[in-house]
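As a basis for the values below, the full set of heavy atoms in this structure was taken, side chains included, without hydrogen atoms, waters or symmetry mates. Sequence lines set the chain letters: A, B, ... in the order given, protein chains first and strands last, and positions in each chain run from 1.
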Protein chains: 2
Amino acid sequence: MVIKGIRTEKKEMNIKIVNIADKLKLIQEHWKPRIAGELNDSYVKLVRLKGEFIWHHHESEDELFWVVKGKLRMQLRDQELIVGEGEFIIIPRGVEHRPLADEEVHVILLEPKTTVNTGTERSERTAEAEWI
Amino acid sequence: MVIKGIRTEKKEMNIKIVNIADKLKLIQEHWKPRIAGELNDSYVKLVRLKGEFIWHHHESEDELFWVVKGKLRMQLRDQELIVGEGEFIIIPRGVEHRPLADEEVHVILLEPKTTVNTGTERSERTAEAEWI
């Protein structure tokens with residue numbers, strides 16, 4: 001019980017409030033997701049998008065895109081979906097997709113810790129996510 | 001390959017854009033989270049809060065509270081944190097907490113599918129989440 005108490009206390013000390021807009025202001029580059037939180041086996045990531053990404057898919061991870069600013073064009077092989085502010089879309093594992101941003105878009109990503117931004121593809125856009 | 005193709009096609013058809021504000025308008029009751037999306041082993045839930053909840057903890061699930069409207073008071077045993085609009089807080093497993101809402105608060109929850117809203121406690125507030 002004492003051990004559990006100590007662990008809980010330590011956990012409580014680490015609990016922080018994260019302001020999304022403030023964190024996004026710290027991000028300079030496009031297409032480089034930064035980690036803003038972790039829970040269970042997942043990361044909450046923040047990313048600024050502008051321009052076009054590459055076609056890719058994730059073998060065994062579903063991915064959530066939540067638009068907090070701007071308008072995200074999500075291309076799938078058979079359609080294009082427009083995700084506006086205050087909206088989210090979940091791309092299931094295995095589904096090829098390509099995000100596009102005509103103007104700058106701010107996105108929150110939710111995905112397993114194992115997820116690589118370019119999925120099974122490797123390109124100059126492949127980025128290791130760091131904490132922000 | 002054919003089988004995989006069919007499965008992928010079916011998955012693409014199920015991809016939908018979810019508008020948070022629109023979904024929240026459909027919710028009548030307070031403290032009853034509704035499921036708005038699923039990915040990996042987790043649900044994205046929406047909930048309207050007003051008043052006070054019960055003290056509880058989740059044995060093995062971390063829980064994310066994301067405030068989209070209003071101001072959430074999150075009581076921990078040793079402190080109280082105020083989570084404002086556009087901010088989130090992650091309560092690690094094992095940490096006792098009690099959400100309070102003086103005025104109505106709209107929250108997005110992210111948690112494993114196994115999570116019960118009242119954690120290890122059972123009360124009249126215990127609710128099975130349904131899709132919205």
Query raised in the report: With a 4.5 angstrom heavy-atom cut-off, which part of A:Ile82 approaches chain B: side chain, backbone, both or neither?
Result: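 Only the backbone of A:Ile82 comes within 4.5 Å of chain B.
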**Report entry** Heavy-atom contact with chain B under 4.5 Å, split by part of A:Leu72
**Finding:**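 Looking at A:Leu72, nothing touches chain B.
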Give the cluster check for [X] versus [Y]: same hydrophobic cluster or not, with ILVMFWY residues linked at side-chain heavy-atom distances below 4.5 Å.
{"X": "B:Ile91", "Y": "A:Val18", "value": "no"}
{"X": "B:Ile17", "Y": "A:Val68", "value": "no"}
{"X": "B:Phe65", "Y": "B:Leu81", "value": "yes"}
{"X": "A:Leu109", "Y": "A:Val105", "value": "yes"}
{"X": "A:Ile27", "Y": "A:Trp66", "value": "yes"}

Count the heavy atoms belonging to other residues, nucleotides or ligands that lie under 6.0 Å from [atom1] of [X], then report whether that count exceeds 12.
{"X": "A:Glu128", "atom1": "CD", "answer": "no"}
{"X": "A:Lys50", "atom1": "NZ", "answer": "no"}
{"X": "A:Glu124", "atom1": "CD", "answer": "no"}

Query raised in the report: Closest approach of B:Ile89 and A:Lys16, non-hydrogen atoms and distance?
Result: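 Reported closest heavy-atom pair: CG1-O, 3.8 Å.
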Query raised in the report: Taking all atoms of both residues into account, what is the closest heavy-atom pair of A:Ile90 and B:Glu38, and its distance?
Result: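 It is CD1-O, 3.5 Å.
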Query raised in the report: Is A:Asn40 close to B:Glu111 at the side-chain level, that is, under 4.5 Å between some pair of heavy atoms?
Result: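 Sidechains of A:Asn40 and B:Glu111: no contact.
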Query raised in the report: How many angstroms lie between NE2 in A:His97 and CD1 in B:Ile15, if you round to the nearest 0.5 Å?
Result: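 Spacing of NE2 (A:His97) from CD1 (B:Ile15) equals 9.0 Å.
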Requested in this report: For chain A, find which of B:Val67, B:Asp22, B:Leu110 contributes the most heavy-atom pairs closer than 4.5 angstrom.
Outcome: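 Heavy-atom pair counts peak at B:Leu110.
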Query raised in the report: What part of B:Val44 is in contact with chain A, defined as an atom under 4.5 angstrom from a non-hydrogen atom: side chain, backbone, both or neither?
Result: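 Interface part for B:Val44: side chain.
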Query - Per-residue contact mode, B:Ile108 against chain A (heavy atom under 4.5 angstrom) - result: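 Only the side chain of B:Ile108 comes within 4.5 Å of chain A.
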Requested in this report: Go through A:Asp41, A:Ile20, A:Leu39, A:Leu64 and name the one with the most non-hydrogen pairs under 4.5 angstrom from chain B.
Outcome: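 Looking at each of A:Asp41, A:Ile20, A:Leu39, A:Leu64 in turn, A:Leu39 comes out on top.
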**Report entry** Choice from A:Ser42, A:Pro112, A:Ala21, A:Gly84 maximising heavy atom contacts with chain B below 4.5 Å
**Finding:**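 Looking at each option in turn, the highest pair count goes to A:Pro112.
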